[in-house]
Amino acid sequence: GETAKLLRFVERGGNLLWLLDGEPLRGLEPLAETLGLALSPGMVIDPAAQEMNAPSDWALGVGYPPHPATRDFDLITVFPFARALGTEEDSRWTPHILVEGALKGWVSSRRSPRFDPQHDVAGPVALALALQRRMGEREQRLVVTASGAFLANAYSGNGGNLDLGVNMLNWLAGEEHLVSLSAPT
């Protein structure tokens with residue numbers, strides 16, 4: 001029932017923040033299909049995280065292509081247990097990569113500590129996407145992140161996670177003038 005409610009909400013033009021967990025989608029496959037998401041199987045492995053004494057299954061967000069939600073943003077963000085995000089080419093949505101990471105990493109379904117070109121997909125990967133479309137007179141906005149833990153209490157204090165999360169919410173609310181204001185400690 002929750003999936004049907006989410007689909008109606010999106011079809012009626014509601015804005016949405018979806019913090020994706022790793023596989024499986026637990027019944028949310030129709031939502032991913034409606035949004036035109038291409039979700040590759042496996043988890044992002046990021047050797048750069050290990051270099052910073054973090055687990056290798058944490059993907060570090062280090063690239064922030066130009067977008068109102070990432071304006072003037074240059075902090076490292078952490079996406080624990082992330083999956084790679086992509087979009088279908090014939091989607092009704094206009095996609096924008098918000099966060100790129102695992103520049104020297106890969107996506108592995110085996111959680112291998114070493115890249116295997118036979119089984120793994122080389123990075124970089126998209127760790128957060130903004131999706132937009134026109135709905136009559138207004139613009140509908142969605143943000144999808146590659147990790148549900150990205151804004152969990154246990155991880156929101158890492159790097160710029162909280163600041164980026166607040167920026168995403170401000171952009172979703174149409175409050176671009178609040179983007180880039182630091183969250184209070």
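Keep in mind it's a predicted model, so treat the numbers as computed, not measured.
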So, for [X] and [Y], which heavy atoms are closest and what is the spacing to 0.1 Å?
X: Ala69; Y: Asn167; answer: O-CB, 3.2 Å
X: Ala59; Y: Val44; answer: CB-CG1, 3.7 Å
X: Phe79; Y: Ala82; answer: O-CB, 3.5 Å
X: Thr3; Y: Gly27; answer: OG1-O, 3.1 Å

Under 4.5 Å between side-chain heavy atoms, hopping through other hydrophobics if needed: is there a path connecting [X] to [Y]?
X: Ile97; Y: Val62; result: no
X: Leu98; Y: Leu169; result: yes
X: Leu85; Y: Val107; result: no
X: Leu20; Y: Leu7; result: yes
X: Leu17; Y: Trp93; result: no

Distance from [X] atom [atom1] to [Y] atom [atom2], nearest 0.5 Å?
X: His119; Y: Ser109; atom1: NE2; atom2: OG; answer: 7.5 Å
X: Trp106; Y: Asp116; atom1: CH2; atom2: CG; answer: 10.0 Å
X: Asn15; Y: Met135; atom1: CG; atom2: CE; answer: 10.0 Å

(message) Which residue in the set Leu172, Val144, Leu6, Val143 passes side-chain contact (heavy atoms from CB on, under 4.5 Å) when paired with Leu16?
(response)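 With Leu16 as partner, Leu172, Val144, Leu6, Val143 yield a single side-chain contact (heavy atoms from CB on, under 4.5 Å), made by Leu6.
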
Using distance only, find each side-chain donor-acceptor pair of residues 149-162 under 3.5 Å and give its atom names and separation, not counting sequence neighbours.
| from | atom 1 | to | atom 2 | distance (Å) |
| --- | --- | --- | --- | --- |
| Asn158 | ND2 | Tyr155 | O | 3.2 |
| Asn161 | OD1 | Val78 | N | 2.7 |
| Asn161 | ND2 | Val78 | O | 2.8 |
| Asn161 | ND2 | Phe150 | O | 2.9 |
| Asn161 | ND2 | Tyr155 | O | 3.3 |

(message) For the backbone of Pro65 and the side chain of Thr70, can you confirm whether one donor and one acceptor N or O come within less than 3.5 Å of each other?
(response)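 A pair under 3.5 Å: yes.
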
(request) Answer yes or no: is there a donor N or O on one side and an acceptor on the other, between the side chain of Arg26 and the main chain of Asp21, under 3.5 Å? (result)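 The answer is no, because no donor-acceptor pair under 3.5 Å joins these two groups.
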
(message) I'd like to check Thr145 versus Trp18 (side-chain heavy atoms, cut-off strictly below 4.5 Å). Are they in contact?
(response)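 Sidechains of Trp18 and Thr145: no contact.
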
(message) Does this structure show an ion pair linking Asp120 with Arg110, if we count only N-O contacts that are shorter than 4.0 Å?
(response)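 Yes.
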
(message) Enumerate the salt bridge (charged side-chain N to carboxylate O under 4.0 Å, His left out) contacts for residues 74-86, please, sequence neighbours excluded, ordered by first and then second residue.
(response)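 Of all non-adjacent pairs touching residues 74-86, none passes salt bridge (charged side-chain N to carboxylate O under 4.0 Å, His left out).
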
(message) Listing request: all salt bridge (charged side-chain N to carboxylate O under 4.0 Å, His left out) pairs with a residue in residues 2-16, at least two apart in sequence or in separate chains.
(response)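 Found Glu11-Arg92.
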
Would you be so kind as to tabulate the donor-acceptor pairs closer than 3.5 Å made by side chains of residues 46-54, with sequence neighbours excluded?
| from | atom 1 | to | atom 2 | distance (Å) |
| --- | --- | --- | --- | --- |
| Asp46 | OD1 | Ala48 | N | 3.0 |
| Asp46 | OD2 | Leu60 | N | 2.9 |

(request) Report the C-alpha distance between Glu100 and Tyr64 in whole Å, list the side-chain angles of each, state the deciding distance to 0.1 Å, and finish with yes or no for side-chain contact (heavy atoms from CB on, under 4.5 Å). (result) CA-CA 6 Å; Glu100 195 171 55; Tyr64 307 94; over 6 Å; no

Under 3.5 Å, side-chain donor or acceptor atoms of residues 124-134 against the rest of the protein: list the pairs with distances, not counting sequence neighbours.
| from | atom 1 | to | atom 2 | distance (Å) |
| --- | --- | --- | --- | --- |
| Gln132 | OE1 | His96 | NE2 | 2.9 |
| Gln132 | NE2 | Glu139 | OE1 | 3.2 |
| Gln132 | NE2 | Glu139 | OE2 | 2.6 |
| Arg133 | NE | Gln140 | OE1 | 2.7 |
| Arg133 | NH2 | Val10 | O | 3.3 |
| Arg133 | NH2 | Gln140 | OE1 | 3.1 |
| Arg134 | NH2 | Glu137 | O | 2.8 |

(message) Just checking Ile76: does its CD1 atom have more than 12 heavy atoms from other residues, nucleotides or ligands closer to it than 6.0 angstrom?
(response)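 12 or below, so no.
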
Pairs under 3.5 angstrom only: tabulate donor-acceptor contacts from the side chains of residues 35-42 to other protein residues two or more places apart or in another chain.
none

